[in-house]
Amino acid sequence: MKLKRLEAQTRVICTVNRIIFALMALILSLAVVASALPQKKRLADLKFKLAQTLAAEEQILAEKEFRETELRALKEDHEFLELKAMDRLNLHRHGEKVYRIERDEP
């Protein structure tokens, strides 16, 4: 009888130990996940900032290319230079009709 009671107590102790071990493993895994969340949010923020920076860089490079093309045309193409000068100085040739569309800038 003592032996059976001792075996029963041993089984109870083993079961309690397994439950405690499972709870500790669960708490440890939750701690690991909880510590990773702020890093994941920071990574998402950094990726968003990188995307914004790359988009701005692309826009600036396109503007630079446009300006370089315009400068090259001003230096090399006399017809383009004449058109630009006439447009800026609001001039036109005799007998020419010029239609201007004014745009409201937002």
Side-chain angles (χ1 to χ4, degrees):
M1 182 130 173
K2 277 187 169 185
L3 188 58
K4 285 187 181 189
R5 199 166 23 155
L6 202 56
E7 286 176 358
Q9 285 178 350
T10 303
R11 268 186 257 140
V12 169
I13 291 172
C14 285
T15 305
V16 169
N17 283 342
R18 286 184 186 138
I19 292 172
I20 290 173
F21 180 74
L23 286 175
M24 290 177 78
L26 179 66
I27 290 170
L28 180 63
S29 63
L30 288 176
V32 168
V33 170
S35 68
L37 288 178
Q39 293 173 357
K40 187 173 181 179
K41 173 134 177 56
R42 178 156 166 74
L43 177 64
D45 290 342
L46 289 175
K47 282 183 179 181
F48 178 71
K49 286 181 183 178
L50 176 63
Q52 282 182 326
T53 304
L54 290 176
E57 180 184 16
E58 186 177 318
Q59 185 179 8
I60 289 170
L61 288 175
E63 179 70 22
K64 179 185 173 197
E65 184 179 338
F66 172 76
R67 297 291 180 193
E68 286 175 349
T69 304
E70 189 176 31
L71 178 64
R72 205 173 316 114
L74 285 171
K75 286 181 178 179
E76 298 170 3
D77 189 1
H78 297 292
E79 291 176 8
F80 182 77
L81 179 63
E82 182 181 343
L83 283 172
K84 274 292 197 184
M86 288 174 67
D87 186 46
R88 280 192 183 164
L89 298 173
N90 200 16
L91 299 174
H92 58 85
R93 291 189 181 110
H94 184 68
E96 235 180 15
K97 288 187 179 181
V98 177
Y99 297 99
R100 290 196 180 262
I101 299 173
E102 297 292 330
R103 296 184 184 195
D104 294 332
E105 304 246 350

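Remember, it's a predicted structure, so these values are computed and weren't measured experimentally.
A side chain to side chain contact (heavy atoms under 4.5 Å, CB included) with I19 holds for exactly one of V16, N17, T15; it is T15.
Summarising the geometry, atom CD belonging to Q9 is positioned 6.5 Å from atom CD1 belonging to I13; distances are rounded to the nearest 0.5 Å. Taking CG of L6 as the start and CZ of R11 as the end, the distance is 10.5 Å to the nearest 0.5 Å. Distance check, rounded to the nearest 0.5 Å: CD of E76 to CG of L71 gives 9.0 Å. Between atom CD of residue E57 and atom NZ of residue K64 there is a gap of 10.5 Å, rounded to the nearest 0.5 Å. Interatomic distance, CG of L83 versus CZ of R88, reported as 12.5 Å (0.5 Å rounding). Of the inter-residue distances, the one linking T69 atom OG1 with L74 atom CG reads 11.0 Å to the nearest 0.5 angstrom.
In the hydrophobic cluster analysis, where Ile, Leu, Val, Met, Phe, Trp and Tyr join through side-chain heavy atoms closer than 4.5 angstrom, F21 is grouped apart from V12.
Salt-bridge annotation for D45 and K41: present, with a side-chain N of the basic residue lying under 4.0 Å from a carboxylate O of the acidic one. A salt bridge links E70 to R67: at least one charged side-chain nitrogen sits closer than 4.0 Å to a carboxylate oxygen.
By the neighbour-count criterion of 12 heavy atoms within 6.0 Å, atom CD of E7 is densely surrounded, having more than that number from other residues, nucleotides or ligands. By the 6.0 Å contact criterion, CD on E79 is open, its count of non-hydrogen atoms from other residues, nucleotides or ligands being 12 or less.
Grouping Ile, Leu, Val, Met, Phe, Trp and Tyr residues whose side-chain heavy atoms lie under 4.5 Å apart, directly or via other members, leaves L3 alone, with no other cluster members.
E68 has its side chain out of reach of F66: every pair of non-hydrogen atoms, C-beta onward, lies at least 4.5 Å apart.
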Report task. Begin from the C-alpha positions of E96 and M86 and carry the test side chain to side chain contact (heavy atoms under 4.5 Å, CB included) through to its verdict. Result -> CA-CA 12 Å; E96 235 180 15; M86 288 174 67; 3.8 Å; yes
